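The structure presented is a predicted model; accordingly, all values stated were derived computationally and were not measured. Reckoned from all heavy atoms, side chains included, excluding hydrogens, waters and symmetry mates. Labels below follow one simple rule: chain letters A, B, ... track the order of the sequence lines, proteins then strands, and each chain is numbered from 1.
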Amino acid sequence: GAVVSQHPSRVICKSGTSVKIECRSLDFQATTMFWYRQFPKKSLMLMATSNEGSKATYEQGVEKDKFLINHASLTLSTLTVTSAHPEDSSFYICSARDPMTVYEQYFGPGTRLTVT
Amino acid sequence: AQKVTQAQTEISVVEKEDVTLDCVYETRDTTYYLFWYKQPPSGELVFLIRRNSFDEQNEISGRYSWNFQKSTSSFNFTITASQVVDSAVYFCALRGSSNTGKLIFGQGTTLQVKP
């Protein structure tokens, strides 16, 4: 199957700083990418849909100014957690949708963010 | 509204036992897709199966089998002769017919297989 990478896999940052997470589709072009958040022992919660060349669509309750999403190319979407706080600590997972196989979302390995 | 319910939060079995993970879904779409994913401790989601709403045939893949019943809106997953390596969190997910491609995940079932 198609490969999606995320970088970094783990990041620790201090409260008040911003951190950027990258999601890349390695062998296909993804017009749509998704960002999920997962709390310990919980399910995946969709945060936003990232569309190449346009603004992201955020789910209800997700602060767009807090979680900045940029999908500047067909293989890269970034999620920036601005002014991070300890409650932003979580596991963030991206997925990319391959337009050639419209049913499939390919998931990245996830990024574990810890805010101290 | 679309919803996926996995009522079993945690299941513990002894190796070689069969185990069934339940998944019940809600959707008003006539066309939809159902998925199962495995999430081992590493965190990476592993795709197991996709089933579309028009295909009610049950599927078997090695020790894994899936029972899709539209009449009860269920898509259950059975592991036969479970192994310790099957220990993970398993998620059932639903994608409707809209072109957004959004996946709705169930709460997940943590399966522990003891030796």
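B:V13 and B:Y90 fall within the same hydrophobic cluster, where Ile, Leu, Val, Met, Phe, Trp and Tyr residues are linked whenever their side-chain heavy atoms come under 4.5 Å apart, directly or through other members. Residues A:M33 and A:F67 do not share a hydrophobic cluster, clusters being chains of Ile/Leu/Val/Met/Phe/Trp/Tyr side chains in contact below 4.5 Å. One hydrophobic cluster, built from ILVMFWY side chains closer than 4.5 Å, holds both A:F34 and A:I93. Under the 4.5 Å side-chain heavy-atom criterion for grouping Ile, Leu, Val, Met, Phe, Trp and Tyr, A:Y106 is not connected to A:L74 through any hydrophobic cluster. Grouping the Ile, Leu, Val, Met, Phe, Trp and Tyr side chains by contacts below 4.5 angstrom, directly or via other members, places A:L46 apart from B:L34.
Centroid-to-centroid, the aromatic rings of A:F107 and B:F47 stay 6.0 Å apart or farther.
Summarising the local packing, CD of B:Q57 is surrounded by 12 or fewer heavy atoms from other residues, nucleotides or ligands at distances under 6.0 Å. For A:K55, the NZ atom sits in a loose shell: 12 or fewer heavy atoms of surrounding residues, nucleotides or ligands are nearer than 6.0 Å.
Taking the side chain as every heavy atom from C-beta outward, B:R95 and A:Q105 never approach each other to under 4.5 Å.
Looking only at distances, no side-chain donor or acceptor of A:S43 sits under 3.5 Å from a matching main-chain atom of B:G108.
Looking at B:Q39, only its side chain comes within 4.5 Å of chain A, counting heavy atoms on both sides. Proximity to chain B is absent for every atom of A:Q6, based on heavy atoms less than 4.5 angstrom apart. Residue A:L44 touches chain B through both its backbone and its side chain, counting heavy-atom pairs closer than 4.5 Å. Looking at B:F105, both its backbone and its side chain come within 4.5 Å of chain A, counting heavy atoms on both sides. For B:I104, no part lies near chain A; criterion is any non-hydrogen pair under 4.5 Å.
To the nearest 0.5 Å, atoms CG (B:L45) and OG (A:S95) are separated by 9.0 Å. Distance check, rounded to the nearest 0.5 Å: OG1 of B:T9 to NZ of A:K41 gives 11.0 Å. Summarising the geometry, atom CG belonging to B:L103 is positioned 4.5 Å from atom OH belonging to A:Y36; distances are rounded to the nearest 0.5 Å.
Contact between A:K42 and B:F91 at its shortest, heavy atoms only, is O-CZ, 3.9 Å.
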